[in-house]
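Here is the naming used below: chain letters follow the sequence lines, and residue numbers restart at 1 for every chain. Just the heavy atoms: all of them, side chains too, but no hydrogens, waters or symmetry mates, feed the values below.
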There are 2 protein chains.
Amino acid sequence: MARRMGSHSEITGPRIRAAALRLFARRGFAAVSMRQIAAEVGVQAGALYLYTPDKEALLHDLLRVHMEDMIATFDARPAPATPVARLEDFARFHIGYNLDHAEAVFLSYMELRNLSAGNFATVEALRHAYEDRLSAILSAGQAAGTFHLPDLRLATMAIIAMLNGVNIWFRESGRLDRAGVAGIYWDMVRKAVSA
Amino acid sequence: MARRMGSHSEITGPRIRAAALRLFARRGFAAVSMRQIAAEVGVQAGALYLYTPDKEALLHDLLRVHMEDMIATFDARPAPATPVARLEDFARFHIGYNLDHAEAVFLSYMELRNLSAGNFATVEALRHAYEDRLSAILSAGQAAGTFHLPDLRLATMAIIAMLNGVNIWFRESGRLDRAGVAGIYWDMVRKAVSA
DNA sequence: GTCTATAGAAAGATAGAC
DNA sequence: GTCTATCTTTCTATAGAC
């Protein structure tokens, strides 16, 4: 028996989230209407409310799932043995993951202010959990005498900010490919934490 | 003869821009209504249109004036003699200026997408003009053999991104004061461009 | 599960009185 | 220069048919 027409819950949900992610990232959360999201998916605005209680919950879900996926993907990989190797691994992973998920990364920095206090807190906690991975690497290298950091917390923030910056200007069609960019950034990161 | 009541063009214009800057930065351009801006200033919504042709022009003006002021302020200062001293001067200026104008800095990165193509181009050109100041310093140090850069353009972007990151987490009431933060960041920048 | 239709609120911008 | 009033559009969210 064929599925009844108009019944597509398994695919409409993900399509709504994909459309919302793209539109929110490109135009901003407040500038995107539920009608625009529905039009992208090919359903009516009212149908969206079968998948999300309201617009903010849709944003929160996108940000939370993004952060959870980033942490899980990082943790699922084998960790190199030395602090230096682990730092290089982090730098290359971060650049690659961010470029692969540029819209979600952009959203997760830009649209936090559109979350209610509770939703904001969950996303911030996830971000800190990710940053703690880098801090742990730096701390281990510092203890081993490999790294020389003026300040652990500031070094963490400085490295994250530097690596995040790649997403602002990188284009696949540009002068350098991803591996080339990652190699150059790793060189600067390595020197910044050395003696 | 006393000024007629309700005539305040010299002060209302700046007050509108100040209110728009604050509201746009905190809630986002699209999320702020002309009525909210007017309420902040203490006038009716219609009165705003004596000072701006529309909402986007108000945003464009804020971003353009911000970038022009940043460049002019930087250029008005005496330039140190050596590339190293000029780079340290740039790092400290950039952190200080960004913290002094946090809302405008945030706006000028986040709300570019709400500008029309022409307005976007003028702001981008100003941003590049500012970045060129840093590139020139790095290039001079490279030529003198003081700096060792894997890539001039990427080093420029990496340093700007790293310094911009301070605005995300810095609080006046925090563990470190501005000079302390600037000193630590300068240490990391210096090492990143060294041999 | 999706549709049409709509309630109710709020938006950007303008007209004309003062 | 500012106000009140309003035009027109658009928004989020819901109700009820199918």
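- Residues Ser33(A) and Gly46(A) both approach DNA chain D. Their nearest nucleotides, taken by heavy-atom distance, put Ser33(A) toward the 5′ side.
- Put simply, CG on Leu163(A) and CD1 on Ile159(A) are 7.0 Å apart, with the number rounded to the nearest 0.5 Å.
- A salt bridge links Arg64(B) to Asp61(B): at least one charged side-chain nitrogen sits closer than 4.0 Å to a carboxylate oxygen.
- Judged by a 6.0 Å distance limit and a 45° cone about the ring axis, Arg127(B) is positioned over the six-membered ring of Tyr109(B).
- With a 4.5 Å cut-off on side-chain heavy atoms, Arg22(B) and Glu103(B) count as touching.
- Applying the ring pair (Phe, Tyr, Trp, His ring centres under 6.0 Å) rule to pairs touching residues 68-92 of chain B yields Phe74(B)-Phe90(B), Phe74(B)-Phe93(B), Phe90(B)-His94(B), Phe90(B)-Tyr130(B), sequence neighbours excluded.
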query: How far apart are the C-alpha atoms of Arg190(A) and Asp187(A), what are their side-chain angles, what is the distance that settles it, and do they pass the salt bridge (charged side-chain N to carboxylate O under 4.0 Å, His left out) test?
result: CA-CA 5 Å; Arg190(A) 180 184 54 75; Asp187(A) 182 66; 2.6 Å; yes
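- Proximity of Leu58(A) to Ile37(A): side-chain heavy atoms (C-beta onward) are separated by under 4.5 Å at one or more points.
- For residues 11-32 of chain A, proximity to DNA chain D is found at Val32(A), defined as any non-hydrogen atom under 4.0 angstrom from a strand atom.
- A salt bridge links Arg178(A) with Asp100(A): the distance from a Lys NZ or Arg NE/NH1/NH2 to an Asp or Glu carboxylate oxygen falls below 4.0 Å.
- Between Thr52(A) and Ile16(A) the shortest side-chain heavy-atom distance does not fall below 4.5 Å.
- Taken residue by residue, residues 34-44 of chain B places heavy atoms nearer than 4.0 Å to DNA chain D at Arg35(B), Gly42(B), Val43(B), Gln44(B).
- With axes fitted over five pairs at each extremity, the angle between the ends of the helix from dG1(C)-dC18(D) to dC18(C)-dG1(D) is 0° (10° resolution).
- Within a heavy-atom distance below 4.0 Å of DNA chain C, the residues of residues 50-59 of chain A found are Leu50(A), Tyr51(A).
- Applying the ring pair (Phe, Tyr, Trp, His ring centres under 6.0 Å) test to Phe170(B) and every residue at least two apart in sequence or in another chain returns nothing.
- By the 4.0 Å N-to-carboxylate-O rule, Glu40(B) lies too far from Arg15(B) to be salt-bridged with it.
- With Phe29(B) as the aromatic partner, Arg113(B) does not meet the cation-pi criteria of under 6.0 angstrom to the ring centre and within 45 degrees of the ring axis.
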